[in-house]
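Note: hydrogens, waters and symmetry copies are ignored here, and every other heavy atom, side chains too, is used. First the proteins, then the strands, lettered A, B, ... as listed; each starts at 1.
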Amino acid sequence: KQEVTQIPAALSVPEGENLVLNCSFTDSAIYNLQWFRQDPGKGLTSLLLIQSSQREQTSGRLNASLDKSSGRSTLYIAASQPGDSATYLCASQGNDYKLSFGAGTTVTVRA
Amino acid sequence: DTGVSQNPRHKITKRGQNVTFRCDPISEHNRLYWYRQTLGQGPEFLTYFQNEAQLEKSRLLSDRFSAERPKGSFSTLEIQRTEQGDSAMYLCASSSRIDPPEEGYTFGSGTRLTVV
């Protein structure tokens, strides 16, 4: 059974600082890894999807890397803004099509 | 098509009552998933449809839960004789038929259930 862990559970930074969010998974036989953002009481918004054959994906200020051999993915958010405050979830997809989620990292960016 | 739609957004019910939630996936997606999320946790898989066929159910889904996807379009999730432990956010997602889905999962805004 895939176990996904996200560290740290919470993070508070001043505006402008770069964010580094970590995700680790126990089973490297994944199809892809997806990062989501969740605002309080809301659904999940997809940020980046990394296929198993890829090493990284970029979108604007966001960059996600994937190292299957070590079972790790990292989400980098450059020049953080108060609007980046949210919970960030990573999820791996196995060959059974199901997503296995971490518990998330709650980010607060202080103005 | 504006994405995955879920109704209602919020539902408050008394213990013992039945509730039903609806999910309308992205029209060209043939796979539909239900997940449940409790406070401070990541979503957990409940069940999955490919077209109208329910292919898998989690052990989290007791016999009080039933899900359908008639005609392979929208889906409903019904909870009978609700219990306080059923209080959670119920999330629906869909993905395309491509293996693996190049665009990943698209989630709806969820239905928050509170059982009092």
Checklist entry - chain A heavy atoms under 4.5 Å from B:Q6: which part of the residue, side chain, backbone, both or neither? => result neither
Item to check | Residue selection (most heavy-atom pairs with chain A, distance under 4.5 Å) from B:R112, B:Q41, B:E56 | outcome: B:E56
Next on the checklist: Please classify the contact between A:Q38 and chain B as side chain, backbone, both or neither, with a heavy-atom cut-off of under 4.5 Å.
Outcome noted: side chain
Checklist entry - Any side-chain heavy-atom pair from B:L46 and B:L60 closer than 4.5 angstrom? => result yes
Item to check | Residues A:E3 and A:K1 bridged, charged N to O under 4.0 Å | outcome: yes
Checklist entry - Going by heavy atoms in the side chains, are B:F74 and B:R69 under 4.5 Å from each other? => result no
Next on the checklist: Tell me whether B:S95 contacts the main-chain N or O of B:Y105 through its side chain, where contact means a donor paired with an acceptor under 3.5 Å.
Outcome noted: no
Checklist entry - In terms of heavy-atom proximity below 4.5 Å to chain B, should A:L89 be classed as side chain, backbone, both, or neither? => result side chain
